[in-house]
Amino acid sequence: MKTPQTLDELMQRCRALAGFTLGQLAAELGHAVPVHLKQDKGWAGQLLEQALGATAGSKAEPDFPELGVELKTLPIDQHGKPLESTYVCVAPLTGINQQLWQDSWVCQKLSLVLWLPLLAERSIPVSDRVIGTGFLWQPDSKEQQLLQQDWEELMELIALGGIDQIRGAHGQVLQLRPKAANSRALTAAIGEAGQPVQALPRGFYLKTSFTQQLLRKAFG
DNA sequence: ATTTGATCATGT
DNA sequence: ACATGATCAAAT
């Protein structure tokens with residue numbers, strides 16, 4: 001699938017996918033559908049990336065570098081409520097002295113997002129899950145402010161060696177949670193006395209209450 | 001070992 | 001019922 005050259009082209013392709021099931025799309029692209037996503041958690045996201053012509057793969061780049069667009073699938077229930085928090089990016093745990101919000105990965109990744117809702121209740125077989133209507137989002141000033149506030153608070157805790165005090169509840173819209181192969185994985189971090197230590201890798205996630213607001217803004 | 005794509009599953 | 005903490009696979 002060739003990468004879209006313009007935003008309009010991307011949105012047209014996205015609209016063309018609405019209403020199809022994952023099974024139908026997988027068949028068109030020649031993919032087998034897993035029975036469940038337990039051992040294939042990123043399957044739907046990667047299928048949609050391919051369908052829309054994303055190029056980045058696992059590189060630390062936006063999905064559509066030329067357009068500056070990040071693609072995020074958003075699993076929802078039949079009432080349009082998000083089923084999961086949304087992973088944004090890994091959290092840097094060292095070498096983060098006085099980084100500015102505007103320069104952060106979180107800010108850059110969320111500057112322009114193509115949200116693609118997916119009716120994905122666990123009771124629905126993977127193959128029958130329905131692709132929804134994608135919509136483009138840029139944080140408004142209020143959203144930007146909430147994100148920046150949470151980010152600054154979390155990054156300060158990390159920089160001051162407070163990473164082990166941080167749990168998922170520590171933010172209004174943005175949270176820090178483990179992002180690792182398992183709970184024994186380790187990466188470099190800053191200890192309580194400012195010394196180098198090893199800690200569980202973390203990532204930034206958007207809370208479901210936040211993404212639900214985005215859906216409400218887009219669809220009422 | 002890290003970042004991408006996330007969802008699973010247990011505790012509250 | 002829900003969020004937090006835990007986990008899985010592919011690409012690099």
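Since the structure is predicted, the reported quantities are computational estimates derived from the model, not experimental observations. Within every chain, numbering begins at 1; the chains are lettered A, B, ... in the order of the sequence lines, protein sequences first and strands thereafter.
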*Of all the choices, C:dA6, B:dG5, C:dT7, which nucleotide is nearest to the side chain of A:K109 once you look at every atom?*
B:dG5

*asked:* If I take atom CD in residue A:Q212 and atom C1' in nucleotide C:dA3, what distance separates them, rounded to the nearest angstrom?
replied: 14 Å

*In whole angstrom, give the distance that lies between atom CZ of A:F210 and atom C1' of C:dA3.*
18 Å

*With A:S85, which residues qualify under side chain to side chain donor-acceptor pair (under 3.5 Å), at least two apart?*
A:R177

_Side-chain N or O of A:Y87 closer than 4.0 Å to phosphate OP1/OP2 of B:dT4_ = yes

*Look at the side chain of A:K59 against the base of B:dT3 and say whether a donor-acceptor pair falls under 3.5 Å; ignore hydrogens and angles.*
no

*Could you tell me whether A:R202 contacts a base, only the sugar-phosphate backbone, or nothing, with contacts defined as non-hydrogen atoms closer than 4.0 Å?*
nothing

*Taking for each residue the nucleotide of DNA chain C with the nearest heavy atom, is it A:D40 or A:K207 whose nucleotide lies nearer the 5' end?*
A:K207

*Could you tell me whether the side chain of A:Y205 has a donor or acceptor atom within less than 3.5 Å of a complementary atom in the base of B:dA6?*
yes

*In whole Å, what is the span from the CG atom of A:L93 to the C1' atom of B:dT3?*
13 Å

*Tell me which residues in residues 170-179 of chain A put a heavy atom below 4.0 Å from DNA chain B, sorted by number, or none.*
A:R177, A:K179

*OP1, OP2 of C:dA6 versus side-chain N and O of A:R184: anything below 4.0 Å?*
no

*Which one, B:dT4, B:dG5, C:dT4, comes nearest to the side chain of A:R167?*
C:dT4

*Contact class for A:G42 (heavy atom, under 4.0 Å): base, sugar-phosphate, or nothing?*
base

Scan the side chains in residues 112-132 of chain A for donor-acceptor partners under 3.5 Å anywhere in the protein, sequence neighbours excluded, and list what turns up.
| residue | atom | partner | partner atom | Å |
| --- | --- | --- | --- | --- |
| A:E121 | OE2 | A:Q78 | N | 2.8 |
| A:R129 | NE | A:I124 | O | 2.8 |
| A:R129 | NH2 | A:I124 | O | 3.1 |

*Quick one: which of C:dA6, B:dT3, B:dG5 gets closest to the side chain of A:V90?*
B:dT3

*Does the distance from a Lys or Arg side-chain N to an Asp or Glu carboxylate O, for A:K217 and A:D140, drop under 4.0 Å?*
yes

*Which part of the nucleic acid, if any, lies within reach of A:P75 when heavy atoms closer than 4.0 Å are counted: base, sugar-phosphate only, or nothing?*
sugar-phosphate

*Can you check whether A:L146's main-chain N or O pairs, donor with acceptor, with A:Q149's side chain at less than 3.5 Å?*
no

_Nucleotide nearest A:K38 when distance is taken to its side chain, options B:dA9, C:dA9, C:dT7_ = B:dA9

Distances under 3.5 Å between protein N/O atoms and the N/O atoms of nucleotides 10-12 of chain B, please, pair by pair.
none

*Tell me what A:E84 touches on the nucleic acid: a base, only sugar-phosphate, or nothing, going by heavy atoms under 4.0 Å.*
base

*When we call it a touch if two heavy atoms are under 4.0 Å apart, what does A:L74 touch: a base, just sugar-phosphate, or nothing?*
nothing

*Side chain of A:Q39 only, please: which of C:dC8, B:dT4, B:dA6 is the nearest?*
C:dC8

*Ignoring hydrogens and angles, tell me if any N or O in the side chain of A:D150 forms a donor-acceptor pair with the backbone of A:G171 under 3.5 Å.*
no

*Using atom types as modelled and distance alone, determine if a side-chain donor or acceptor of A:E66 lies under 3.5 Å from a backbone N or O of A:Q5.*
no

*Please answer whether the main-chain N or O of A:T208 pairs with a side-chain N or O of A:Y205 as donor and acceptor at a distance below 3.5 Å.*
no

_Measure CD/A:E121 against C1'/C:dA1 and give the value in whole Å, please._
14 Å

*Tell me whether the OP1 or OP2 atom of C:dA3 has a side-chain N or O from A:T208 closer than 4.0 Å.*
yes

*Would the A:F135 and A:F219 ring centres measure less than 6.0 Å apart?*
yes

Name each donor-acceptor pair under 3.5 Å that joins a side chain in residues 30-46 of chain A to protein atoms two or more places apart or in another chain, with its distance.
| residue | atom | partner | partner atom | Å |
| --- | --- | --- | --- | --- |
| A:H31 | NE2 | A:Q50 | OE1 | 2.7 |
| A:H36 | ND1 | A:K38 | N | 3.1 |

*Tell me what A:A169 touches on the nucleic acid: a base, only sugar-phosphate, or nothing, going by heavy atoms under 4.0 Å.*
sugar-phosphate

_Value in whole Å for how far the C1' atom of C:dT4 lies from CG of A:L154_ = 14 Å

_Whichever of A:L186 and A:E70 has its nearest DNA chain B nucleotide further upstream toward 5'_ = A:L186

*Taking the side chain of A:R122 as its heavy atoms from C-beta onward, which of C:dT7, B:dA9, C:dT4 lies nearest to it?*
B:dA9

*OP1 or OP2 of B:dT2 less than 4.0 angstrom from a side-chain nitrogen or oxygen of A:T187, does that happen here?*
yes

*Presence of A:K41 side-chain N/O under 4.0 Å of C:dA6 phosphate oxygens OP1/OP2*: no

*Taking OP1 and OP2 of B:dG5, is either one under 4.0 Å from a side-chain nitrogen or oxygen of A:K72?*
yes

*Mind checking what makes ring pair (Phe, Tyr, Trp, His ring centres under 6.0 Å) contact with A:F20, not counting sequence neighbours?*
none

*asked:* Expressed as a whole number of angstroms, how long is the span from A:Q50:CD to C:dA10:P?
replied: 15 Å

*Distance in angstrom units between A:F204 CZ and B:dA6 C1', rounded*: 18 Å

*A:S85 near the nucleic acid: base, sugar-phosphate alone, or nothing, with a heavy-atom cut-off under 4.0 Å?*
base

*A:Q46 CD - B:dA6 C1' separation (whole Å)*: 9 Å

*Quick one: does A:Q145's side chain have a donor or acceptor within less than 3.5 Å of a partner on A:E143's backbone?*
no

_Whether the A:Q148 and A:E152 side chains hold a donor-acceptor pair (N or O, under 3.5 Å, no angle test) is what I'd like checked._
yes

